[in-house]
Amino acid sequence: QVQLVESGGGLVQAGGSLRLSCAASGRTFSSPAMGWFRQAPGKEREFVAAISWSGSTTYYADSVKGRFTISRDNAKNTVYLQMNSLKPEDTAVYSCAAGPRVRTTGNGYDYWGQGTQVTVSS
């Protein structure tokens, strides 16, 4: 089992920045790939970013490329999502996920956190 806890969400004005963290515990070696997903009210969950164990492979949704950066600190079992130039359309609950391989779809991940709310005001 892997437990994931997100933090760092909040309310920010458009153009601002936030950094989300996802702390992993448990059998993290069994699910080394990490991803961030988001879900806005009334919308489907969508992929945001993903990273391999080594950090050498990353994927981003087109909507966040150039604005968001995913990274990880394996010594701390933590994955980060640095979000810059935030837009109102980035408002959503952001969740991290862990799985065996880097994927851009949610069904590729076995474990999920509870999520953290990000609200961007215009």
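Listed here is the closest heavy atom pair of Pro100 and Gly108: CD-O, 3.9 Å. Minimum heavy-atom separation, Ala92 to Arg38: CB-CB, 3.8 Å.
Taking 4.5 Å as the limit, some side-chain heavy atom of Ser30 sits within range of a side-chain heavy atom of Val2. Under the 4.5 Å side-chain criterion, counting only non-hydrogen atoms from C-beta, Ser21 is not in contact with Glu6. Contact check for Cys22 versus Met34: side-chain heavy atoms found under the 4.5 Å cut-off.
Annotation: ring pair (Phe, Tyr, Trp, His ring centres under 6.0 Å) contacts involving residues 100-122, sequence neighbours excluded, comprise Phe37-Tyr109, Phe37-Trp112. Listed by first and then second residue, the ring pair (Phe, Tyr, Trp, His ring centres under 6.0 Å) pairs that reach into residues 65-101 come to none, sequence neighbours excluded.
A salt bridge links Asp62 to Lys65: at least one charged side-chain nitrogen sits closer than 4.0 Å to a carboxylate oxygen.
With hydrogens and angles disregarded, a donor-acceptor distance shorter than 3.5 Å links the side chain of Thr91 to the backbone of Val120. With Arg72 contributing its side chain and Ser52 its backbone, the two residues share a donor-acceptor pair below 3.5 Å.
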query = Which is it for Gln39 and Glu44 under the side chain to side chain contact (heavy atoms under 4.5 Å, CB included) test, yes or no, and what are the steps along the way?
reply = CA-CA 6 Å; Gln39 187 167 20; Glu44 296 289 319; 5.6 Å; no
query = So Phe47 and Tyr60, side chain to side chain contact (heavy atoms under 4.5 Å, CB included) or not? Walk me through it.
reply = CA-CA 8 Å; Phe47 168 75; Tyr60 294 94; 5.6 Å; no
request  = May I have the step-by-step check of side chain to side chain contact (heavy atoms under 4.5 Å, CB included) for Tyr59 and Ile70, ending in yes or no?
outcome  = CA-CA 9 Å; Tyr59 295 114; Ile70 189 170; over 6 Å; no
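Using modelled atom types, one finds a donor on one side chain and an acceptor on the other under 3.5 Å when comparing Ser17 with Asn84.
Cluster partners of Leu11, using a side-chain heavy-atom cutoff of under 4.5 Å among ILVMFWY residues and allowing indirect links: none.
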